[in-house]
S.K.: 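Sharing a structure, written as C-alpha cells. Questions coming.
Computed over heavy atoms, backbone and side chain alike; hydrogens, waters and symmetry mates excluded. FYI, the numbering just counts along the sequence from 1. Counting starts at 1 for both ligands and their atoms, in listed order.
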Amino acid sequence: MKDIGSGKYYFEVGPIRPPNVGGNHSLLVRATRNCSWNRCAFCPYYRGKEFQIRSFEEVRSDIDAVKRIKDLLCGNGSVEKVPFRCLSLVRNWVKSGGRTAFLQDSNSLIMPTDDLVGILKYLSDTFSSLERITSYARSDTVLRKGLDELERIREAGLVRLHVGLESGNDEVLSLVNKGVDVEDHVKGGKKAIEAGFELSEYVMPGLGGKYLSEEHARDTAEALNEIDPDYIRMRPLSLHPSSELKKIADQGKFRENSPHELLEEIKIMLKELDVSSRICFDHSWNSWRNEAGGSLFELDYEGYSLPEKKDHLLELVEEGLEVDESKHIRAGIRSFKLKSIFQLSDDSLFLFI
Ligand code: SF4
C-alpha cells in the first residue's frame, strides 16, 4: 500500500465509523483491527479479516504521527511527505476544532483495560482540545469488564459507547448469530450507564424479516425501555449480497420487509417505547420519503427527544404509510470506495454505520 510509506506521518485508519463521528470530523484512532466476533449474519464488513488488538506502543506511535501532522498544518510547514488520507483526516479534524475522537474498530473496549486507559490518557494529554472520545463496544464485552474497570476507562476519557443492540428478541438475535441474548444486552446496557458512559444503542428495523416483524418490534421496545439509553439509532436492515443473511434469504428462511412493513414495525416500536432517549434516524438507510418527496425523518445526529416527540414521529410514520411504496427508496448499501480520494488499499471501504 503506497500510503504506508512515510512512517513518520502515517497512522492507521480502520474502515468503519458512526455517521455522527464523520459529521463531527472526529479524529480516528485505530485501537483494534477488525471485529472480535465477526459472525453476525447481516454484517459482511470484516469477513475474512483477523481480529487484532494493537499494542499501546503502536497506537501511541499513531497518535504521535497525528501530532506531527497537526503541527505541520498549524505551523504552515510542508505537508509534501504526509500521505493524503492522513492529511485529509487531520486537516478536517483540526478545522472542526479538534474536539472529538473515535476509537476504531468494532469493539475497542475489549482491549486490556490498562492499555485502553493508557491510550485514552495519552490521547487526551497530547491533544488538549479533545472534549469527547467515543467507541463501539459489544454488550458481552461490557459485561465481562468489572464495573471498576469500566469506571476507570470512563474516567480516562472514553465518554460514549456505541452498542449494536439490533433486536430485543432472542429468536431474531439467534437467527442473525449476534452472539448476545437479550438478557446480556439489557445487563450490558445498564452496566455501561452505571459506569457513567453515554450509551448509544443501534436498532435494526427489518432484522426479523416478515416472519418475526412484530415480535422484533415489541421486544426491542421492551429491551430499550429497560436500558433507557441516551440514544437509539435506527439502522434499517440492508441485505448485503455477500452476507450470511442473504444466503438464508435465498433458502427462503428469511423474507425482507417492504418499506411500508418497516414503517409498521417502527410504529409498533414507537408506541411501546417508554424511554427518555433521543431517537435518531441519522443514516441514509432511513430512506423513506414524505409526501413532498423529501426525507420522512430528519437525518439528525441528535434526533428526536422521547417522549416529547413520540406523537410527532407517529404522525410522520402515518405520512410515510400514505406515500406510495414505490417512492420509498429501499435501504441499500451506500458504501463507496474512496480509493481515488484517500488512496486506500483495494479492499478498503470507508463506511458510516
Ligand atoms: S455487526 Fe458488529 S459485532 Fe457483528 S460482525 Fe459486524 S462488526 Fe462484528
S.K.: Can you check whether F102 and Y136 have ring centres sitting under 6.0 Å from each other?
M.R.: yes

S.K.: Which pairs count as side-chain hydrogen bond (donor to acceptor under 3.5 Å, both in side chains) when at least one residue sits in residues 241-251, sequence neighbours excluded?
M.R.: H240-S242, E244-K247, K246-D250, Q251-K253

S.K.: Find the distance between CZ (R233) and CZ (F281) and round it off to the nearest 0.5 Å.
M.R.: 12.0 Å

S.K.: Among L316, L321, N257, whose side chain to side chain contact (heavy atoms under 4.5 Å, CB included) with L263 holds?
M.R.: L321

S.K.: When you check the space around atom 4 (Fe) of ligand 1, which protein N, O or S atoms turn up under 2.8 Å?
M.R.: C40 SG

S.K.: Measure the spacing between CG of D219 and CE of M269 and express it to the nearest 0.5 Å.
M.R.: 10.0 Å

S.K.: Check this for me: does any side-chain nitrogen of one of R54 and D62 sit under 4.0 Å from a carboxylate oxygen of the other?
M.R.: yes

